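Reviewing the structure listed below.
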Amino acid sequence: MACDGTATFGFENMATLALSTNLVTYLTRVMHFNVADAANQITNYMGTSFILSILVAFLADTCIGRPKAVLISACFEIVGLGLLAIQAHSSKLKPPPCNLFDPTAHCTRVGGSDGALLFAALYSIALGSGGIKASLPTHGADQFDEKDPKEARQMSSFFNWFLLSGNIGSVVSLTLVVWIQDHKGWDLGFGVSCIAMIVGAMCFITGIPRYRIQVSGSNAMVEIIQVYVAAFRNRKLELPKDPEELYEINRDKEAETETEFLPHRDVFRVTQVENAKIILGVLPIFCCTILMTLCQAQLQTFSIQQAVTMDTKLTHSFHIPPASLSIIPIGFLVVLVPIYDRIFVPFARKITGHPTGITPLQRVGFGLLLTSVSMAIAGIVEVKRKQVARDHNMLDAIPVLQPIPISVFYLSFQFFIFGIADLFSYIGLLEFFYSQAPKGIKSISTCFLWCSMALGFFLSTIIVNVVNSATKNITRSRGWLAGNNINRNHLNLFYWLLAMLSMLNFIGYVIVAKRYNYRPQAQRSATTNRVSNEDEKELEDIQVQK
(Lines give C-alpha, C1' and ligand atoms only; values in the text may rest on other atoms or scores of the structure.)
Protein backbone atom coordinates (compact mmCIF):
# COMPACT_ATOMS: atom_id res chain seq x y z
CA MET A 1 0.00 0.00 0.00
CA ALA A 2 3.03 2.26 0.17
CA CYS A 3 3.36 2.53 -3.61
CA ASP A 4 1.52 5.86 -3.72
CA GLY A 5 4.07 7.33 -1.34
CA THR A 6 7.01 6.10 -3.40
CA ALA A 7 5.48 7.64 -6.53
CA THR A 8 5.06 10.93 -4.69
CA PHE A 9 8.73 10.84 -3.70
CA GLY A 10 9.63 10.30 -7.34
CA PHE A 11 7.68 13.39 -8.42
CA GLU A 12 9.17 15.39 -5.54
CA ASN A 13 12.69 14.50 -6.67
CA MET A 14 11.74 15.38 -10.24
CA ALA A 15 10.61 18.81 -9.01
CA THR A 16 13.55 19.68 -6.77
CA LEU A 17 16.74 17.90 -7.84
CA ALA A 18 17.15 19.98 -11.00
CA LEU A 19 16.83 23.07 -8.80
CA SER A 20 19.49 22.01 -6.31
CA THR A 21 21.98 20.88 -8.96
CA ASN A 22 21.42 23.72 -11.43
CA LEU A 23 20.84 26.47 -8.87
CA VAL A 24 24.50 27.49 -8.87
CA THR A 25 24.16 28.25 -12.58
CA TYR A 26 20.92 30.18 -12.04
CA LEU A 27 22.41 32.26 -9.23
CA THR A 28 25.57 33.14 -11.17
CA ARG A 29 24.14 33.69 -14.66
CA VAL A 30 20.77 35.23 -13.81
CA MET A 31 21.08 36.61 -10.27
CA HIS A 32 24.81 37.48 -10.60
CA PHE A 33 26.21 35.93 -7.43
CA ASN A 34 29.92 35.15 -7.61
CA VAL A 35 30.85 31.47 -7.59
CA ALA A 36 31.80 31.12 -3.92
CA ASP A 37 28.72 33.03 -2.74
CA ALA A 38 26.47 31.01 -5.03
CA ALA A 39 27.94 27.78 -3.64
CA ASN A 40 27.34 28.99 -0.10
CA GLN A 41 23.77 30.04 -0.92
CA ILE A 42 23.06 26.55 -2.20
CA THR A 43 24.53 24.81 0.81
CA ASN A 44 22.61 27.17 3.10
CA TYR A 45 19.42 26.42 1.19
CA MET A 46 19.98 22.66 1.33
CA GLY A 47 21.01 22.77 4.97
CA THR A 48 17.94 24.79 5.92
CA SER A 49 15.72 22.33 4.08
CA PHE A 50 17.04 19.42 6.10
CA ILE A 51 16.92 21.36 9.39
CA LEU A 52 13.28 22.33 8.76
CA SER A 53 12.50 18.64 8.34
CA ILE A 54 12.94 18.32 12.11
CA LEU A 55 10.20 20.90 12.71
CA VAL A 56 7.80 19.14 10.37
CA ALA A 57 8.71 15.74 11.84
CA PHE A 58 7.95 17.00 15.35
CA LEU A 59 4.55 18.27 14.21
CA ALA A 60 3.89 15.02 12.34
CA ASP A 61 4.72 12.88 15.35
CA THR A 62 3.01 14.98 18.00
CA CYS A 63 -0.12 16.58 16.57
CA ILE A 64 -0.98 16.70 12.86
CA GLY A 65 0.00 13.16 11.83
CA ARG A 66 2.27 12.10 8.97
CA PRO A 67 -0.23 12.16 6.04
CA LYS A 68 -1.25 15.76 6.78
CA ALA A 69 2.39 16.71 7.18
CA VAL A 70 3.09 15.39 3.66
CA LEU A 71 0.24 17.39 2.14
CA ILE A 72 1.05 20.65 3.94
CA SER A 73 4.70 20.33 2.92
CA ALA A 74 3.70 19.72 -0.69
CA CYS A 75 1.68 22.96 -0.66
CA PHE A 76 4.70 24.96 0.50
CA GLU A 77 6.82 23.42 -2.21
CA ILE A 78 4.26 24.14 -4.93
CA VAL A 79 4.01 27.80 -3.85
CA GLY A 80 7.81 28.20 -3.81
CA LEU A 81 8.28 26.71 -7.27
CA GLY A 82 5.47 28.87 -8.58
CA LEU A 83 7.14 32.02 -7.22
CA LEU A 84 10.46 31.06 -8.83
CA ALA A 85 8.72 30.57 -12.17
CA ILE A 86 7.05 33.99 -11.91
CA GLN A 87 10.31 35.74 -11.01
CA ALA A 88 12.27 34.00 -13.78
CA HIS A 89 9.59 35.01 -16.30
CA SER A 90 9.38 38.70 -15.37
CA SER A 91 12.32 40.93 -16.31
CA LYS A 92 11.16 43.42 -13.67
CA LEU A 93 11.84 40.95 -10.84
CA LYS A 94 15.49 40.16 -11.62
CA PRO A 95 18.72 41.99 -12.56
CA PRO A 96 19.44 43.00 -16.18
CA PRO A 97 21.23 40.34 -18.29
CA CYS A 98 25.00 40.36 -17.83
CA ASN A 99 27.93 37.95 -18.26
CA LEU A 100 29.45 37.59 -14.80
CA PHE A 101 32.53 35.85 -16.21
CA ASP A 102 33.43 38.75 -18.49
CA PRO A 103 36.16 40.73 -16.65
CA THR A 104 34.99 43.97 -18.29
CA ALA A 105 31.32 43.57 -17.34
CA HIS A 106 29.73 45.33 -14.37
CA CYS A 107 26.91 43.04 -13.26
CA THR A 108 24.26 44.04 -10.73
CA ARG A 109 23.56 41.42 -8.10
CA VAL A 110 19.95 40.75 -7.15
CA GLY A 111 18.82 42.63 -4.07
CA GLY A 112 16.01 44.51 -2.42
CA SER A 113 12.47 43.22 -2.96
CA ASP A 114 13.65 41.02 -5.84
CA GLY A 115 16.17 39.36 -3.54
CA ALA A 116 13.48 38.93 -0.89
CA LEU A 117 11.23 37.24 -3.45
CA LEU A 118 14.04 34.90 -4.49
CA PHE A 119 14.80 33.81 -0.94
CA ALA A 120 11.12 33.57 0.01
CA ALA A 121 10.61 31.17 -2.89
CA LEU A 122 13.75 29.14 -2.15
CA TYR A 123 13.02 28.72 1.54
CA SER A 124 9.38 27.90 0.92
CA ILE A 125 10.66 25.06 -1.26
CA ALA A 126 13.18 24.20 1.46
CA LEU A 127 10.39 23.87 4.03
CA GLY A 128 8.22 21.79 1.71
CA SER A 129 11.00 19.51 0.56
CA GLY A 130 12.27 19.00 4.10
CA GLY A 131 8.79 18.23 5.34
CA ILE A 132 8.18 15.62 2.68
CA LYS A 133 11.50 13.95 3.42
CA ALA A 134 10.64 13.91 7.12
CA SER A 135 7.16 12.42 6.91
CA LEU A 136 6.78 10.52 3.63
CA PRO A 137 9.26 7.63 4.12
CA THR A 138 8.11 7.17 7.71
CA HIS A 139 4.47 7.06 6.64
CA GLY A 140 5.30 4.42 4.05
CA ALA A 141 7.29 2.31 6.51
CA ASP A 142 4.43 2.56 9.01
CA GLN A 143 2.43 0.23 6.74
CA PHE A 144 4.66 -2.69 7.74
CA ASP A 145 4.58 -4.50 11.07
CA GLU A 146 8.12 -4.68 12.47
CA LYS A 147 7.05 -7.52 14.78
CA ASP A 148 6.27 -9.79 11.84
CA PRO A 149 9.52 -11.25 10.37
CA LYS A 150 8.10 -11.31 6.86
CA GLU A 151 6.88 -7.73 7.00
CA ALA A 152 10.16 -6.64 8.58
CA ARG A 153 11.96 -7.88 5.44
CA GLN A 154 9.34 -6.18 3.28
CA MET A 155 9.96 -2.91 5.11
CA SER A 156 13.66 -3.14 4.27
CA SER A 157 12.72 -3.71 0.63
CA PHE A 158 10.37 -0.72 0.80
CA PHE A 159 13.30 1.56 1.60
CA ASN A 160 15.19 0.15 -1.41
CA TRP A 161 12.25 0.73 -3.75
CA PHE A 162 11.67 4.13 -2.18
CA LEU A 163 15.20 5.02 -3.25
CA LEU A 164 14.56 3.58 -6.72
CA SER A 165 11.46 5.73 -7.17
CA GLY A 166 13.39 8.79 -6.10
CA ASN A 167 16.17 7.94 -8.54
CA ILE A 168 13.73 7.58 -11.42
CA GLY A 169 12.37 11.03 -10.60
CA SER A 170 15.95 12.27 -10.41
CA VAL A 171 16.71 10.90 -13.87
CA VAL A 172 13.79 12.85 -15.33
CA SER A 173 14.81 15.94 -13.39
CA LEU A 174 18.46 15.85 -14.46
CA THR A 175 17.63 15.27 -18.11
CA LEU A 176 14.28 16.77 -19.10
CA VAL A 177 13.92 19.50 -16.47
CA VAL A 178 17.57 20.63 -16.61
CA TRP A 179 17.43 20.68 -20.41
CA ILE A 180 14.30 22.83 -20.28
CA GLN A 181 15.96 25.22 -17.82
CA ASP A 182 19.07 25.59 -19.97
CA HIS A 183 17.49 25.68 -23.42
CA LYS A 184 13.85 26.76 -23.06
CA GLY A 185 14.08 29.15 -20.14
CA TRP A 186 14.26 29.08 -16.38
CA ASP A 187 10.64 30.13 -16.09
CA LEU A 188 9.42 27.12 -18.04
CA GLY A 189 11.78 24.83 -16.14
CA PHE A 190 10.50 25.99 -12.76
CA GLY A 191 6.95 25.74 -14.09
CA VAL A 192 7.43 22.11 -15.07
CA SER A 193 8.82 21.40 -11.60
CA CYS A 194 5.76 23.03 -10.05
CA ILE A 195 3.45 20.85 -12.16
CA ALA A 196 5.41 17.73 -11.19
CA MET A 197 4.92 18.56 -7.51
CA ILE A 198 1.19 19.10 -8.03
CA VAL A 199 0.93 15.67 -9.66
CA GLY A 200 2.89 14.12 -6.80
CA ALA A 201 0.54 15.66 -4.23
CA MET A 202 -2.53 14.43 -6.12
CA CYS A 203 -1.00 10.96 -6.30
CA PHE A 204 -0.58 10.90 -2.54
CA ILE A 205 -4.13 12.17 -1.93
CA THR A 206 -5.64 9.39 -4.03
CA GLY A 207 -3.74 6.80 -2.00
CA ILE A 208 -4.67 8.01 1.49
CA PRO A 209 -7.92 5.99 1.82
CA ARG A 210 -6.08 2.77 0.95
CA TYR A 211 -3.37 3.00 3.61
CA ARG A 212 -4.06 0.35 6.23
CA ILE A 213 -2.20 2.16 9.01
CA GLN A 214 -2.32 5.90 9.63
CA VAL A 215 -0.34 6.80 12.73
CA SER A 216 -1.76 9.79 14.58
CA GLY A 217 0.13 12.20 16.79
CA SER A 218 1.57 11.16 20.14
CA ASN A 219 3.32 12.73 23.11
CA ALA A 220 6.32 10.39 23.00
CA MET A 221 8.80 13.17 22.27
CA VAL A 222 7.54 15.21 25.19
CA GLU A 223 7.88 12.18 27.44
CA ILE A 224 11.47 11.62 26.31
CA ILE A 225 12.37 15.24 27.03
CA GLN A 226 10.82 14.82 30.46
CA VAL A 227 13.02 11.78 30.99
CA TYR A 228 16.19 13.76 30.30
CA VAL A 229 15.08 16.49 32.71
CA ALA A 230 14.19 13.97 35.40
CA ALA A 231 17.41 12.04 34.84
CA PHE A 232 19.46 15.19 35.32
CA ARG A 233 17.62 16.04 38.51
CA ASN A 234 18.00 12.51 39.89
CA ARG A 235 21.50 11.86 38.58
CA LYS A 236 22.86 11.13 42.07
CA LEU A 237 20.28 8.45 42.91
CA GLU A 238 21.29 4.78 42.83
CA LEU A 239 19.79 2.40 40.27
CA PRO A 240 17.42 -0.27 41.64
CA LYS A 241 18.78 -3.81 41.54
CA ASP A 242 15.52 -5.25 40.21
CA PRO A 243 14.84 -4.15 36.57
CA GLU A 244 11.10 -4.67 37.15
CA GLU A 245 11.08 -1.62 39.40
CA LEU A 246 11.97 0.57 36.39
CA TYR A 247 8.54 0.23 34.72
CA GLU A 248 5.53 2.34 35.55
CA ILE A 249 2.96 1.01 33.04
CA ASN A 250 0.46 -1.45 34.49
CA ARG A 251 -0.92 -4.46 32.66
CA ASP A 252 -4.31 -3.04 31.85
CA LYS A 253 -2.93 0.20 30.39
CA GLU A 254 -0.29 -1.63 28.37
CA ALA A 255 -2.93 -3.93 26.93
CA GLU A 256 -5.38 -1.17 26.04
CA THR A 257 -2.94 1.23 24.33
CA GLU A 258 -0.39 1.14 21.56
CA THR A 259 2.45 1.63 24.04
CA GLU A 260 5.67 0.10 22.83
CA PHE A 261 7.14 -1.80 25.76
CA LEU A 262 10.89 -2.45 25.84
CA PRO A 263 13.01 -4.50 28.25
CA HIS A 264 15.58 -2.69 30.36
CA ARG A 265 19.17 -2.52 29.09
CA ASP A 266 22.07 -1.62 31.35
CA VAL A 267 23.35 1.27 29.21
CA PHE A 268 23.42 4.97 30.12
CA ARG A 269 22.15 6.38 33.38
CA VAL A 270 18.62 7.10 32.22
CA THR A 271 16.37 4.64 33.95
CA GLN A 272 12.78 5.82 33.60
CA VAL A 273 12.21 5.32 29.87
CA GLU A 274 14.12 2.93 27.63
CA ASN A 275 13.21 5.03 24.60
CA ALA A 276 15.35 7.90 25.85
CA LYS A 277 18.40 5.65 26.00
CA ILE A 278 17.83 4.54 22.41
CA ILE A 279 17.92 8.16 21.24
CA LEU A 280 21.19 8.73 23.10
CA GLY A 281 22.65 5.57 21.58
CA VAL A 282 22.25 6.67 17.96
CA LEU A 283 23.88 10.06 18.46
CA PRO A 284 27.48 8.88 17.86
CA ILE A 285 26.38 7.24 14.58
CA PHE A 286 24.62 10.46 13.65
CA CYS A 287 27.76 12.53 14.23
CA CYS A 288 29.85 10.26 11.99
CA THR A 289 27.56 10.80 8.99
CA ILE A 290 27.80 14.60 8.81
CA LEU A 291 31.04 14.72 6.85
CA MET A 292 29.60 12.62 4.01
CA THR A 293 27.08 15.34 3.19
CA LEU A 294 29.83 17.94 3.30
CA CYS A 295 31.49 16.01 0.46
CA GLN A 296 28.21 15.68 -1.39
CA ALA A 297 27.80 19.45 -1.27
CA GLN A 298 30.98 19.86 -3.31
CA LEU A 299 29.55 17.70 -6.10
CA GLN A 300 26.53 19.99 -6.28
CA THR A 301 28.58 23.18 -6.30
CA PHE A 302 32.25 23.14 -7.28
CA SER A 303 31.98 20.05 -9.49
CA ILE A 304 29.25 21.77 -11.47
CA GLN A 305 31.52 24.79 -11.88
CA GLN A 306 34.25 22.48 -13.14
CA ALA A 307 31.81 21.10 -15.70
CA VAL A 308 30.94 24.62 -16.91
CA THR A 309 34.56 25.09 -18.01
CA MET A 310 34.86 21.75 -19.85
CA ASP A 311 33.80 20.31 -23.20
CA THR A 312 30.21 19.16 -22.72
CA LYS A 313 29.79 17.80 -26.25
CA LEU A 314 28.10 14.39 -26.35
CA THR A 315 27.61 14.33 -30.12
CA HIS A 316 28.25 16.92 -32.84
CA SER A 317 24.89 18.54 -32.16
CA PHE A 318 24.13 17.69 -28.51
CA HIS A 319 25.80 19.03 -25.37
CA ILE A 320 25.09 17.58 -21.94
CA PRO A 321 24.12 20.27 -19.41
CA PRO A 322 26.69 20.39 -16.57
CA ALA A 323 23.96 19.97 -13.95
CA SER A 324 22.96 16.68 -15.61
CA LEU A 325 26.20 14.95 -14.67
CA SER A 326 24.51 13.38 -11.67
CA ILE A 327 22.51 11.30 -14.15
CA ILE A 328 25.50 8.98 -14.43
CA PRO A 329 25.45 7.55 -10.89
CA ILE A 330 21.67 7.84 -10.63
CA GLY A 331 21.17 5.90 -13.87
CA PHE A 332 23.48 3.26 -12.49
CA LEU A 333 21.49 3.12 -9.25
CA VAL A 334 18.23 2.60 -11.15
CA VAL A 335 19.75 -0.65 -12.41
CA LEU A 336 21.62 -1.54 -9.22
CA VAL A 337 18.81 -1.16 -6.66
CA PRO A 338 16.66 -4.05 -8.04
CA ILE A 339 19.79 -6.21 -8.34
CA TYR A 340 20.76 -5.37 -4.77
CA ASP A 341 17.28 -6.04 -3.41
CA ARG A 342 16.45 -9.19 -5.39
CA ILE A 343 19.85 -10.85 -5.82
CA PHE A 344 22.44 -9.55 -3.36
CA VAL A 345 20.20 -9.41 -0.26
CA PRO A 346 18.88 -13.02 -0.57
CA PHE A 347 22.42 -14.25 -1.30
CA ALA A 348 23.93 -12.36 1.63
CA ARG A 349 21.06 -13.49 3.87
CA LYS A 350 22.05 -17.13 3.34
CA ILE A 351 25.61 -16.33 4.43
CA THR A 352 25.03 -13.91 7.30
CA GLY A 353 21.60 -15.03 8.48
CA HIS A 354 20.59 -11.38 8.72
CA PRO A 355 17.09 -10.62 7.30
CA THR A 356 18.43 -7.75 5.16
CA GLY A 357 21.67 -9.46 4.11
CA ILE A 358 23.98 -7.03 5.85
CA THR A 359 23.18 -4.76 8.76
CA PRO A 360 22.29 -1.10 8.20
CA LEU A 361 25.49 -0.03 9.96
CA GLN A 362 27.59 -2.17 7.60
CA ARG A 363 25.89 -0.49 4.65
CA VAL A 364 26.64 2.93 6.07
CA GLY A 365 30.28 2.07 6.73
CA PHE A 366 30.87 0.98 3.15
CA GLY A 367 29.28 4.20 1.93
CA LEU A 368 31.52 6.33 4.14
CA LEU A 369 34.60 4.56 2.84
CA LEU A 370 33.58 5.20 -0.78
CA THR A 371 33.03 8.87 0.06
CA SER A 372 36.73 9.25 0.81
CA VAL A 373 37.59 7.45 -2.44
CA SER A 374 35.28 9.76 -4.39
CA MET A 375 36.96 12.91 -3.04
CA ALA A 376 40.44 11.53 -3.76
CA ILE A 377 39.43 10.81 -7.37
CA ALA A 378 37.88 14.29 -7.64
CA GLY A 379 41.24 15.82 -6.72
CA ILE A 380 43.06 13.74 -9.35
CA VAL A 381 40.55 14.73 -12.05
CA GLU A 382 40.90 18.40 -11.13
CA VAL A 383 44.67 18.18 -11.54
CA LYS A 384 44.11 16.72 -15.02
CA ARG A 385 41.58 19.44 -15.94
CA LYS A 386 43.89 22.28 -14.90
CA GLN A 387 46.84 20.69 -16.68
CA VAL A 388 44.88 20.63 -19.94
CA ALA A 389 43.90 24.28 -19.42
CA ARG A 390 47.54 25.18 -18.76
CA ASP A 391 48.82 23.25 -21.78
CA HIS A 392 46.40 25.08 -24.07
CA ASN A 393 47.00 28.50 -22.47
CA MET A 394 43.35 28.63 -21.33
CA LEU A 395 43.64 29.34 -17.62
CA ASP A 396 41.71 32.57 -18.16
CA ALA A 397 39.20 31.13 -20.63
CA ILE A 398 35.59 32.27 -20.23
CA PRO A 399 33.40 29.35 -19.08
CA VAL A 400 30.85 28.02 -21.59
CA LEU A 401 32.06 30.38 -24.34
CA GLN A 402 35.61 28.98 -24.33
CA PRO A 403 35.45 25.37 -23.14
CA ILE A 404 38.69 23.65 -22.19
CA PRO A 405 39.41 20.72 -24.56
CA ILE A 406 38.78 18.00 -21.97
CA SER A 407 35.57 15.99 -21.83
CA VAL A 408 33.15 16.71 -19.00
CA PHE A 409 32.80 12.94 -18.59
CA TYR A 410 36.08 12.91 -16.67
CA LEU A 411 33.96 14.16 -13.78
CA SER A 412 31.75 11.09 -14.04
CA PHE A 413 34.28 9.07 -12.05
CA GLN A 414 33.74 11.06 -8.86
CA PHE A 415 29.99 11.19 -9.40
CA PHE A 416 29.88 7.45 -10.08
CA ILE A 417 31.77 6.43 -6.93
CA PHE A 418 29.76 8.80 -4.76
CA GLY A 419 26.55 7.43 -6.29
CA ILE A 420 27.42 3.94 -5.05
CA ALA A 421 28.29 5.40 -1.66
CA ASP A 422 24.88 7.06 -1.63
CA LEU A 423 23.12 3.76 -2.33
CA PHE A 424 24.64 2.15 0.72
CA SER A 425 24.69 5.02 3.18
CA TYR A 426 21.40 6.78 2.35
CA ILE A 427 19.16 3.74 2.70
CA GLY A 428 21.31 2.24 5.44
CA LEU A 429 20.87 5.35 7.57
CA LEU A 430 17.16 5.69 6.81
CA GLU A 431 16.52 2.06 7.76
CA PHE A 432 18.78 2.29 10.81
CA PHE A 433 17.20 5.41 12.28
CA TYR A 434 13.67 4.13 11.57
CA SER A 435 14.24 0.67 13.01
CA GLN A 436 15.95 1.97 16.14
CA ALA A 437 13.38 4.67 16.85
CA PRO A 438 10.66 4.43 19.50
CA LYS A 439 7.26 4.00 17.90
CA GLY A 440 5.93 7.45 18.73
CA ILE A 441 8.78 9.41 17.16
CA LYS A 442 9.59 7.56 13.95
CA SER A 443 9.50 10.75 11.87
CA ILE A 444 11.74 12.64 14.26
CA SER A 445 14.19 9.74 14.40
CA THR A 446 14.50 9.42 10.63
CA CYS A 447 15.22 13.14 10.67
CA PHE A 448 18.57 12.25 12.17
CA LEU A 449 19.48 11.48 8.55
CA TRP A 450 18.20 14.81 7.26
CA CYS A 451 19.70 16.67 10.22
CA SER A 452 23.13 15.16 9.55
CA MET A 453 22.77 16.24 5.94
CA ALA A 454 21.77 19.74 7.05
CA LEU A 455 24.80 20.04 9.28
CA GLY A 456 26.95 18.75 6.43
CA PHE A 457 25.72 21.49 4.09
CA PHE A 458 26.13 24.19 6.74
CA LEU A 459 29.57 22.82 7.56
CA SER A 460 30.43 23.08 3.87
CA THR A 461 29.74 26.81 3.97
CA ILE A 462 31.92 27.15 7.05
CA ILE A 463 34.82 25.07 5.76
CA VAL A 464 34.89 26.95 2.42
CA ASN A 465 35.23 30.24 4.30
CA VAL A 466 37.77 28.82 6.74
CA VAL A 467 39.91 27.32 3.97
CA ASN A 468 39.87 30.57 2.03
CA SER A 469 40.85 32.55 5.12
CA ALA A 470 43.62 30.13 6.08
CA THR A 471 45.13 30.09 2.58
CA LYS A 472 44.57 33.73 1.65
CA ASN A 473 48.17 34.77 2.22
CA ILE A 474 49.89 31.70 0.75
CA THR A 475 48.29 31.57 -2.71
CA ARG A 476 48.19 33.98 -5.64
CA SER A 477 44.45 33.48 -5.95
CA ARG A 478 44.04 34.80 -2.37
CA GLY A 479 42.65 31.47 -1.19
CA TRP A 480 42.25 27.89 -2.44
CA LEU A 481 38.66 28.57 -3.48
CA ALA A 482 38.66 32.35 -3.95
CA GLY A 483 37.49 34.23 -7.04
CA ASN A 484 35.32 33.30 -10.00
CA ASN A 485 38.09 31.60 -12.00
CA ILE A 486 38.49 28.04 -10.72
CA ASN A 487 41.36 27.52 -13.19
CA ARG A 488 43.47 29.79 -10.98
CA ASN A 489 42.51 28.38 -7.59
CA HIS A 490 43.42 25.12 -5.83
CA LEU A 491 40.23 23.05 -5.84
CA ASN A 492 42.26 19.83 -6.08
CA LEU A 493 43.88 20.52 -2.70
CA PHE A 494 40.44 21.13 -1.20
CA TYR A 495 39.19 17.79 -2.54
CA TRP A 496 42.19 15.97 -1.08
CA LEU A 497 41.66 17.66 2.26
CA LEU A 498 38.10 16.32 2.26
CA ALA A 499 39.37 12.86 1.28
CA MET A 500 41.69 12.77 4.31
CA LEU A 501 39.00 14.06 6.65
CA SER A 502 36.58 11.45 5.27
CA MET A 503 39.04 8.63 5.90
CA LEU A 504 39.57 9.76 9.49
CA ASN A 505 35.80 9.99 9.85
CA PHE A 506 35.43 6.42 8.53
CA ILE A 507 37.92 5.12 11.09
CA GLY A 508 36.02 6.86 13.86
CA TYR A 509 32.75 5.43 12.54
CA VAL A 510 34.10 1.86 12.62
CA ILE A 511 35.00 2.29 16.27
CA VAL A 512 31.59 3.73 17.12
CA ALA A 513 29.63 1.17 15.09
CA LYS A 514 31.38 -1.78 16.72
CA ARG A 515 30.37 -0.50 20.14
CA TYR A 516 26.73 0.11 19.20
CA ASN A 517 24.11 -2.23 20.69
CA TYR A 518 21.09 -2.69 18.43
CA ARG A 519 17.76 -2.01 20.02
CA PRO A 520 15.98 -5.13 21.37
CA GLN A 521 13.11 -6.19 19.13
CA ALA A 522 10.37 -5.81 21.69
CA GLN A 523 6.83 -6.98 21.06
CA ARG A 524 3.63 -6.01 22.81
CA SER A 525 0.89 -8.59 23.25
CA ALA A 526 -2.53 -7.57 24.58
CA THR A 527 -3.48 -11.16 25.36
CA THR A 528 -0.38 -12.39 27.15
CA ASN A 529 0.93 -9.09 28.56
CA ARG A 530 4.47 -10.28 28.00
CA VAL A 531 7.62 -8.79 26.55
CA SER A 532 9.63 -11.05 24.22
CA ASN A 533 13.06 -10.31 22.86
CA GLU A 534 15.31 -12.48 20.71
CA ASP A 535 18.52 -11.00 22.12
CA GLU A 536 17.52 -11.08 25.80
CA LYS A 537 15.60 -14.31 26.43
CA GLU A 538 16.08 -14.04 30.15
CA LEU A 539 13.82 -10.99 30.22
CA GLU A 540 10.75 -12.80 28.89
CA ASP A 541 7.61 -12.89 31.04
CA ILE A 542 8.51 -9.69 32.87
CA GLN A 543 5.64 -8.67 35.13
CA VAL A 544 4.84 -5.03 34.42
CA GLN A 545 4.61 -3.18 37.71
CA LYS A 546 2.66 -0.03 38.26
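Because the structure is a prediction, the values reported are computed rather than measured. The first residue in the sequence is number 1, and the count goes up from there.
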Testing Ile51, Ile72, Val56, Leu122 for side chain to side chain contact (heavy atoms under 4.5 Å, CB included) with Leu127, which one passes? Val56

Closest heavy-atom pair and its distance - Pro67, Phe204: O-CE2, 3.6 Å

What heavy-atom pair brings Ala38 and Val24 nearest, and what distance separates the two atoms? CB-CG2, 4.0 Å

Please step through side chain to side chain contact (heavy atoms under 4.5 Å, CB included) for the pair Gln306 and Gln414, ending with a clear verdict. CA-CA 12 Å; Gln306 288 175 280; Gln414 61 211 54; 3.7 Å; yes

Test item: side-chain donor near acceptor, [X] and [Y], under 3.5 Å:
X: Arg363; Y: Tyr340; result: yes
X: Ser303; Y: Gln298; result: no
X: Glu77; Y: Ser124; result: no
X: Asp182; Y: Asn22; result: yes
X: Tyr516; Y: Gln436; result: yes

I'd like to know whether Tyr26 forms a ring-ring contact (aromatic ring centres under 6.0 Å, His included) with Phe190, so could you lay out the CA-CA distance, the side-chain angles of the two residues, the decisive distance to 0.1 Å, and finally the verdict. CA-CA 11 Å; Tyr26 181 68; Phe190 294 142; 5.2 Å; yes

Only one of Phe158, Phe162, Trp161 forms a ring pair (Phe, Tyr, Trp, His ring centres under 6.0 Å) with Phe9, so which one is it? Phe162

Are the side chain of Thr352 and the backbone of Ala348 linked by a donor-acceptor contact shorter than 3.5 Å? yes

Check for me whether the distance between the ring centres of Tyr123 and Phe76 falls short of 6.0 Å. no

Is it the case that the ring center of Phe432 lies less than 6.0 angstrom away from the ring center of Phe286? no

Classify the angle between the aromatic ring planes of Phe457 and Phe50 as parallel (below 30°), tilted (30 to 60°) or perpendicular (above 60°). parallel

Give a yes or no on this: more than 12 heavy atoms of other residues, nucleotides or ligands lie within 6.0 Å of atom OH of Tyr45. yes

Hey, does Lys133 have a side-chain heavy atom less than 4.5 Å from the side chain of Pro137? no

